[in-house]
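As a basis for the values below, the full set of heavy atoms in this structure was taken, side chains included, without hydrogen atoms, waters or symmetry mates. In listed order, ligands and their atoms are each counted from 1.
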Amino acid sequence: MSFDLAARLAARRAEHLYRQRPLLESPQGPQVVVDGQPLLAFCNNDYLGLANHPQVIEAWRAGASRWGVGGGASHLVIGHSAPHHALEEALAELTGRPRALLFTTGYMANLGAVTALVGQGDTVLEDRLNHASLLDAGLLSGARFNRYLHNDASSLAKRLEKATGNTLVVTDGVFSMDGDVADLPALARETRARGAWLMVDDAHGFGPLGAKGAGLVEHFGLGLDDVPVLVGTLGKAFGTAGAFVAGSEDLIESLIQFARPYIYTTSQPPALACATLKSLELLRTEHWRREHLANLIRQFRQGAEQIGLELMDSFTPIQPIMVGDSARAVELSRMLRSRGMMVTAIRPPTVPAGSARLRVTLSAAHSEAQVQLLLSALADCFSELQTGPNHA
Ligand SMILES: *Cc1c(COP(=O)(O)O)cnc(C)c1O
C-alpha cells in the first residue's frame, strides 16, 4: 500500500483546480513584482494600504528594539507582554466591547472561539458560504453542525427551531469570496429570539466599513447583546498579522481557560503588536483612506457595468467578477497577467462548483488611474475571450 499522491495531483490538474503559489518579490502594494514580472495587483486584502506603511514599519522596528523579536512562550506562561495587553485594550475600545483577546491567526481565533463555546450535545449553525476556518471550527467542536442558506434569516430560523443545547450561530460579516455583507440585524433578531448566540467573523469589514473602521457591527450599530462574539483579523485592513475575539468579560475569561488554540501556542511577537497599535491608530483616524476606497469601488462598479461584466451584490472592496467555468477563469487571469494585471481566479472548492470567479480587490493604495487601467484590460480580455479563437 502507498499513498497515490501522483494520481491525486494529476486529477486535480485535469479538473483545472491545481494551485500554484505566485512568488512575490516586493512588498504588498498596487505595484508588485511576481515571478520576476512587474504587475499592477488587485488581489491582496490590504484594503487601507497599511501593510507597507512607513509609520507601521517604524513602530515594528522600535518595538523590536524595545521588546526583542520572539514572543518566547504562550500567553499563560510568560508570553503575554505589555504591547499585547495594550493592543487588547485598544481593540476592546475600537469594538466597543468590554474586552478583546489576541490570537496568533484568524484561523486559530475561529477554532478557539467555536470549540470553547460548543461541544457534544450543542448546536452550531453556519452560513453555507462561511470562511473555511469557521466551517472547520464547527466540525471540530463536536456539536451538531448544520448549514443554513446563504444570508437567509428564515432558513436560519427553521434550523434554530430544531437546535438543542447551547446554540451558536456563526457567520462571516463581509463574505470573503463574494463581497456581500451578512444581514446582521435579521440574523441577530432570529438568534436572540431563540436564546442562541451570534458569532460574527468580520475579517474583511474591519477597516473599510463603519465610520471609524470598526466594521459591519459599527455599520449596523449592533452591540454586545446582538453580537456576543465578534472576531476580527489583523492581516487584512490592519496590514499586520494576528486576530482577536471581542466580547464580554466572561467570554474572554472563558476563552483564556478553554480555547485550546489560544492556550497551546506561542504568543505573537510583541513588536507585531506594536506595529498593529500604530496601524489601528491610522485605521481609526485617517478617514480619507475609507473615503478614497469608497470612490474607487464606485468607479470600478460603474466601469464594469458599462463593459457588461457580471458583478456581485457588493459595496465592499471585494468586487468579484463571476465567470462560472474554472478553466475560463484561469484563462482570463492569465490573459490579464499578460497585460500586466494581477487578478486571482478563485475556483472550487474555495467557492461552490460552477461559480469560479475573478476576485478583484481594491485598496486605498490604488489610484483612479490604476482602476481605469484594470477596467480597460478587463474589457480587452473579455471581448477577446468571446471572439478570439487564438486561446488554447
Ligand atoms: C482571512 C480570513 C480568516 C483567517 O484569518 P488569518 O489571520 O489569515 O488566519 C478568517 N476568516 C475570514 C472570513 C477570513 O477572510
Does the side chain of [X] pick up a donor-acceptor pair with the side chain of [Y] at under 3.5 Å?
X	Y	result
Ser333	Arg337	no
His150	Asp178	no
Thr350	Arg359	no

Got a list of side-chain donor-acceptor pairs under 3.5 Å for residues 60-84, not counting sequence neighbours?
from  : atom 1 : to     : atom 2 : distance (Å)
Ser65 : OG     : Arg61  : O      : 3.2
His75 : ND1    : His80  : ND1    : 2.9
His75 : ND1    : Tyr262 : OH     : 3.4
His80 : NE2    : His85  : ND1    : 2.9
Ser81 : OG     : His84  : ND1    : 3.1
His84 : ND1    : Gly79  : O      : 3.3
His84 : ND1    : Ser81  : N      : 3.1
His84 : NE2    : Gln268 : O      : 2.7

Problem set entry | Phe300-His366 aromatic ring centre distance below 6.0 Å | no
Exercise. Got a salt bridge between Glu253 and Arg99, using NZ or NE/NH1/NH2 to carboxylate O under 4.0 Å?
Worked result: yes
Exercise. If you count only heavy atoms, which residues are under 4.0 Å from ligand 1?
Worked result: Thr105, Gly106, Tyr107, Asn110, His131, Ser133, Asp172, Ser176, Asp201, Ala203, His204, Thr233, Lys236, Gly242
